There are 2 protein chains.
Amino acid sequence: MEPQNRKEADVGVDQSDLIESLVRISFVTTAVLSRIAAEHDLSLTQMRVMAILRDRQGGMNELAAYLGLEKSTVSGLVDRAEGRGLLKRTRNPSDGRGVHVSLTDEGASLALRGAREVALALSPMTSVLNGAETRRLTALLDRMLASS
Amino acid sequence: MEPQNRKEADVGVDQSDLIESLVRISFVTTAVLSRIAAEHDLSLTQMRVMAILRDRQGGMNELAAYLGLEKSTVSGLVDRAEGRGLLKRTRNPSDGRGVHVSLTDEGASLALRGAREVALALSPMTSVLNGAETRRLTALLDRMLASS
DNA sequence: TATTGTTATACTCTATAACTATA
DNA sequence: TATAGTTATAGAGTATAACAATA
């Protein structure tokens with residue numbers, strides 16, 4: 001006999017509960033990120049671009065790979081952010097085809113401010129846990145992230 | 001003396017680490033949801049509409065409130081999903097202004113299939129934890145969710 | 001020929017403002 | 001007047017396909 005409920009058979013009851021909680025926490029977190037971005041007249045994607053460029057600069061293809069978007073899409077994103085003075089294209093001197101995208105000072109400042117505001121906006125939720133719980137939760141999340 | 005690092009002073013080092021993990025897990029989860037949705041020619045928002053309608057039907061305003069979107073936006077979303085036969089509008093007999101939005105059989109079937117596929121797609125990540133860890137993580141996430 | 005990036009095109013998502021119909 | 005919903009409009013995000021420039 002086949003089990004009646006494939007989902008439970010495939011992933012287990014406990015994992016189903018976890019997945020539901022993961023999806024819910026993701027929507028809450030994404031909503032906060034979107035709101036902070038909107039307060040700076042940025043889309044969530046634009047905010048991601050800024051956050052990525054804080055850690056690593058590079059060409060359009062690299063940026064597209066990090067974002068999981070087509071390079072034509074990234075061209076448009078970079079166009080608009082560049083028009084606002086948040087980032088800049090520079091030509092790659094060793095390869096005339098490539099461009100190098102990096103934050104301007106204004107962009108870096110905005111990215112830092114945004115990161116602080118995100119932390120503050122999420123802190124009411126994260127602060128319901130005590131120190132030990134916070135570290136335990138972080139460790140569990142990081143183990144899942146390391147596997148993906 | 002003011003502390004040099006406002007972020008740490010405001011939310012604490014442990015909370016900063018948690019917030020970074022939360023943001024990362026949210027992007028991973030959202031990417032999986034978007035991919036599954038795209039495999040069914042749905043946007044992430046359309047998939048949310050279907051998931052919401054699985055649990056609770058209602059009018060356009062209610063739906064807009066759940067989604068956090070303008071009612072005009074929801075009109076368009078419902079238009080397109082209705083055109084594909086995934087959901088239907090019915091007039092509210094007691095109030096001629098209102099409509100009632102609900103899944104069609106095809107829409108309900110797609111929503112169920114999508115939920116199963118999401119669970120399966122996330123299970124490689126969730127299954128790195130053992131049973132006790134899975135339950136502990138779920139409990140911690142749910143406590144944060146209950147506060148928001 | 002292959003690679004990097006841009007442009008053209010089309011569609012979806014989204015908000016604001018104006019509108020219709022009902023209450 | 002107030003409420004539920006739609007429509008008109010405009011801009012951003014997105015992908016596909018075609019293109020230009022460089023390697």
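Please read all numbers here as calculations on a predicted model, not as lab measurements.
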*Enumerate the residue pairs fulfilling side chain to side chain donor-acceptor pair (under 3.5 Å) with a member in residues 136-148 of chain A, sequence neighbours excluded, ordered by first and then second residue.*
Asp142(A)-Ser21(B), Arg143(A)-Glu133(B)
*Over all heavy atoms of both residues, which pair between His40(B) and Ile36(B) is shortest? Give the atoms and the distance, please.*
CD2-O, 3.3 Å
Using nucleotides 15-17 of chain D, report all nitrogen or oxygen pairs with the protein that are shorter than 3.5 Å.
unit_1, atom_1, unit_2, atom_2, d
dA15(D), OP2, Glu70(A), N, 3.0
dA15(D), OP2, Thr73(A), OG1, 2.9
dA15(D), N7, Thr73(A), OG1, 3.4
dT16(D), O4, Ser72(A), OG, 2.7

*Write out all pairs satisfying salt bridge (charged side-chain N to carboxylate O under 4.0 Å, His left out) with one or both partners inside residues 81-93 of chain B, taking only residues at least two apart or from two chains.*
Asp79(B)-Arg89(B), Glu82(B)-Arg89(B)
*Sub-3.5 Å donor-acceptor pair from the side chain of Ser109(A) to the main-chain atoms of Asp105(A), do we have one?*
no
*How long is the gap from OG1 on Thr29(B) to CG on Leu122(B), to the nearest 0.5 Å?*
5.5 Å
*asked:* Restricting to salt bridge (Lys or Arg N to Asp or Glu O under 4.0 Å), what partner residues turn up for Asp17(B), sequence neighbours left out?
replied: none
_Measuring from atom CG of Leu141(A) to atom CG of Leu141(B), what distance do you get when rounded to the nearest 0.5 angstrom?_
6.0 Å
Let me check something: any side-chain donor-acceptor pairs from residues 57-76 of chain A under 3.5 Å, sequence neighbours excluded? List them with distances.
unit_1, atom_1, unit_2, atom_2, d
Gln57(A), OE1, His100(A), NE2, 2.8
Glu62(A), OE1, Gly59(A), N, 3.2
Tyr66(A), OH, Arg56(A), NE, 3.4

*Measure the spacing between CG of Leu86(A) and OG1 of Thr104(A) and express it to the nearest 0.5 Å.*
6.0 Å
*Strand contacts (DNA chain D) in residues 75-85 of chain A, 4.0 angstrom heavy-atom criterion*: Leu77(A), Arg80(A)
_If the helix axis at each end comes from five base pairs, how far does the helix from dT1(C)-dA23(D) to dA23(C)-dT1(D) deviate from straight, to 10°?_
20°
*Which residues within residues 28-47 of chain B lie with some heavy atom under 4.0 Å of an atom in DNA chain D?*
none
_Least distance between heavy atoms, Ala121(B) atom then Pro124(B) atom_ = O-CD, 3.2 Å
_Same apolar cluster (I L V M F W Y, side chains within < 4.5 Å links), Leu120(A)/Val128(A)_ = no
*asked:* Output the rounded distance in Å from CZ (Arg89(B)) to P (dA4(D)).
replied: 16 Å
*Could you pull out all residues at least two apart from Arg80(B) that satisfy salt bridge (Lys or Arg N to Asp or Glu O under 4.0 Å)?*
none
*Specify the closest pair of heavy atoms between Asp14(B) and Gly131(A), including all atoms of both residues, with the distance to one decimal.*
OD2-O, 4.3 Å
Side-chain donor-acceptor pairs of residues 42-55 of chain B under 3.5 Å, sequence neighbours excluded:
unit_1, atom_1, unit_2, atom_2, d
Ser43(B), OG, Thr45(B), N, 3.4
Ser43(B), OG, Gln46(B), N, 3.0

*Going by heavy atoms closer than 4.0 Å, what residues in residues 49-63 of chain B are next to DNA chain C?*
none
*asked:* I need the minimum non-hydrogen distance between Ser26(A) and Leu22(A), along with the two atoms involved.
replied: OG-O, 2.8 Å
*Of all heavy-atom pairs between Met144(A) and Thr126(B), which one has the smallest distance, and what is that distance?*
SD-CA, 3.8 Å
What N/O pairs connect the protein and nucleotides 20-22 of chain C at under 3.5 Å? Give each pair on its own line.
unit_1, atom_1, unit_2, atom_2, d
dT22(C), O3', Gly96(B), N, 3.3

_Looking at every non-hydrogen atom in both residues, tell me the closest pair between Ala119(A) and Ile19(B) and how far apart they are._
O-CD1, 3.5 Å
